[in-house]
Amino acid sequence: TLDRSSAASDVYKRQILMLFVIVASLNQLGVDTTSLVAILGAAGLAVGLALQGSLSNFASGVLIILLRPFKSGDFVEAGNKMGTVKKIEIFSTELRTPDNKVIIVPNSQIMSGAITNFSRESTRRIDLVIGVGYDADLRHAKEVLKSVLDAETRILKDPAYNVSVNELGDSSVNFIVRPWVNAADYWPTYWSLMENIKIALDDADI
């Protein structure tokens with residue numbers, strides 16, 4: 001993609017140079033080129049303004065290729081869009097959403113904001129907030145939560161998970177439940193924990 005863009009740029013440069021040569025030649029022959037130069041200047045300004053967005057996308061595309069904040073196959077949030085990177089081109093980046101939609105994001109939009117790469121690291125932490133009633137036995141509730149985590153084989157032993165009371169809310173005592181998993185296991189483990197924690201708390205009458 002960079003080679004094609006470079007070749008196109010060389011063509012434009014040669015055309016502009018040829019135009020200057022023609023204008024200079026006409027001037028040497030005694031032809032009044034003042035009006036022609038004014039027209040060409042206005043046209044050049046209009047073209048420059050029209051291409052401003054494209055040039056910004058081009059520069060951002062070069063930065064993405066050089067800095068490599070993500071690569072093809074990474075799951076990212078960039079340009080206020082979220083998806084798996086399918087293709088990185090010089091003017092735009094193609095994302096595919098989990099429900100199989102294709103999003104074409106201008107590179108300038110990506111580089112002008114924060115980029116979150118969910119695939120860069122091999123492990124991720126699941127952050128859950130589980131609320132129990134004020135009449136619940138907190139020690140028992142904590143043991144129930146730990147038993148669910150201990151039974152989930154996809155949770156990593158190192159770093160160890162954390163189960164702690166984090167907040168005394170208006171209507172519940174809120175636990176934070178934070179286990180670590182391999183990045184590829186994040187969502188399957190998240191959904192499994194949500195279901196199994198609810199079942200376990202129901203079985204314990206909490």
Side-chain angles (χ1 to χ4, degrees), residues 1-2 4-5 53-54 56-132 141 144-164 166-167 169 172 174-203 206:
T1 304
L2 276 175
R4 291 198 300 268
S5 300
S54 297
S56 177
N57 287 326
F58 176 84
S60 297
V62 172
L63 288 175
I64 290 174
I65 292 171
L66 292 177
L67 301 178
R68 297 180 62 82
F70 50 77
K71 65 181 184 299
S72 181
D74 285 352
F75 188 80
V76 302
E77 182 177 3
N80 295 321
K81 304 296 180 182
M82 185 179 292
T84 301
V85 178
K86 304 302 292 184
K87 192 184 300 182
I88 304 171
E89 296 186 333
I90 201 63
F91 291 105
S92 63
T93 296
E94 181 180 310
L95 303 179
R96 192 177 302 275
T97 64
D99 58 346
N100 214 31
K101 296 176 183 176
V102 175
I103 305 176
I104 308 299
V105 187
N107 285 334
S108 60
Q109 183 175 327
I110 291 176
M111 293 304 291
S112 64
I115 299 172
T116 303
N117 190 332
F118 297 97
S119 303
R120 177 66 65 86
E121 301 296 334
S122 60
T123 60
R124 288 182 64 186
R125 190 182 73 187
I126 298 176
D127 290 353
L128 302 179
V129 177
I130 306 297
V132 301
V144 170
L145 294 174
K146 286 184 174 181
S147 68
V148 174
L149 297 182
D150 290 335
E152 177 53 68
T153 58
R154 287 168 294 199
I155 292 176
L156 301 177
K157 302 300 181 183
D158 185 23
Y161 62 70
N162 180 22
V163 178
S164 301
N166 185 59
E167 181 186 21
S172 64
N174 296 326
F175 284 89
I176 54 169
V177 178
R178 294 178 174 175
W180 288 83
V181 296
N182 291 319
D185 293 332
Y186 181 88
W187 285 112
T189 310
Y190 179 97
W191 294 323
S192 178
L193 287 177
M194 292 296 286
E195 179 177 346
N196 291 333
I197 285 174
K198 177 62 170 68
I199 292 173
L201 292 175
D202 285 348
D203 289 344
I206 299 175

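Remark: Asn80 CG is loosely packed, at most 12 non-hydrogen atoms of other residues, nucleotides or ligands lying under 6.0 Å away.
Asn117 contributes a side-chain N or O that, together with a main-chain N or O of Pro69, makes up a donor-acceptor pair within less than 3.5 Å. When atom types are taken as modelled, the side chain of Gln109 and the backbone of Gly79 share a donor-acceptor pair closer than 3.5 angstrom. At least one donor-acceptor pair closer than 3.5 Å links the side chain of Ser112 to the backbone N or O of Ser108.
A perpendicular orientation is assigned to the rings of Tyr190 and Trp187, their planes being inclined by more than 60° (bins at 30° and 60°).
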Q. Run the side chain to side chain contact (heavy atoms under 4.5 Å, CB included) check on Phe175 and Leu128 step by step: do they pass?
A. CA-CA 8 Å; Phe175 284 89; Leu128 302 179; over 6 Å; no

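For the pairing with Ser92, the side-chain contact (heavy atoms from CB on, under 4.5 Å) check across Val105, Ile104, Ile110, Ile103 returns one residue only, Ile104.
Within the 4.5 Å cutoff, side-chain heavy atoms of Pro179 are placed close to those of Leu193. Side-chain atoms of Leu201 and Ile130, non-hydrogen and from C-beta on, do get closer than 4.5 Å to each other.
Tyr161 OH to Ile126 CD1: the interatomic distance, rounded to the nearest 0.5 Å, is 13.5 Å. Summarising the geometry, atom CE belonging to Met111 is positioned 12.0 Å from atom CG belonging to Asn57; distances are rounded to the nearest 0.5 Å. Put simply, CG on Leu95 and CD1 on Ile88 are 9.5 Å apart, with the number rounded to the nearest 0.5 Å. Atom-to-atom distance recorded for Ile155:CD1 and Asn182:CG is 11.5 Å, nearest 0.5 angstrom. The distance from the CH2 atom of Trp180 to the CG atom of Leu156 is 9.5 Å, given to the nearest 0.5 Å. With values rounded to the nearest 0.5 angstrom, Ile206 atom CD1 is found 7.5 Å from Leu145 atom CG.
Residues satisfying the salt bridge (charged side-chain N to carboxylate O under 4.0 Å, His left out) criterion with Glu152, sequence neighbours excluded, are Arg154. Every residue two or more places apart in sequence or in another chain was checked for a salt bridge (charged side-chain N to carboxylate O under 4.0 Å, His left out) with Arg120, and none qualifies. In this view, Lys71 and Arg68, Asp74 satisfy the side chain to side chain contact (heavy atoms under 4.5 Å, CB included) rule, not counting sequence neighbours. Legend: residues meeting side chain to side chain contact (heavy atoms under 4.5 Å, CB included) with Lys101, ordered by chain and number and at least two apart, are Thr97, Asp99. A search for ring pair (Phe, Tyr, Trp, His ring centres under 6.0 Å) contacts involving Phe75 returns Phe118, not counting sequence neighbours. Asn174 meets the side chain to side chain contact (heavy atoms under 4.5 Å, CB included) test with Val129, Glu167, Ser172; sequence neighbours excluded.
Between Asp185 and Pro188 the shortest heavy-atom distance is O-CD, 3.5 Å.
Asn107 and Thr93 share a side-chain donor-acceptor pair at under 3.5 Å.
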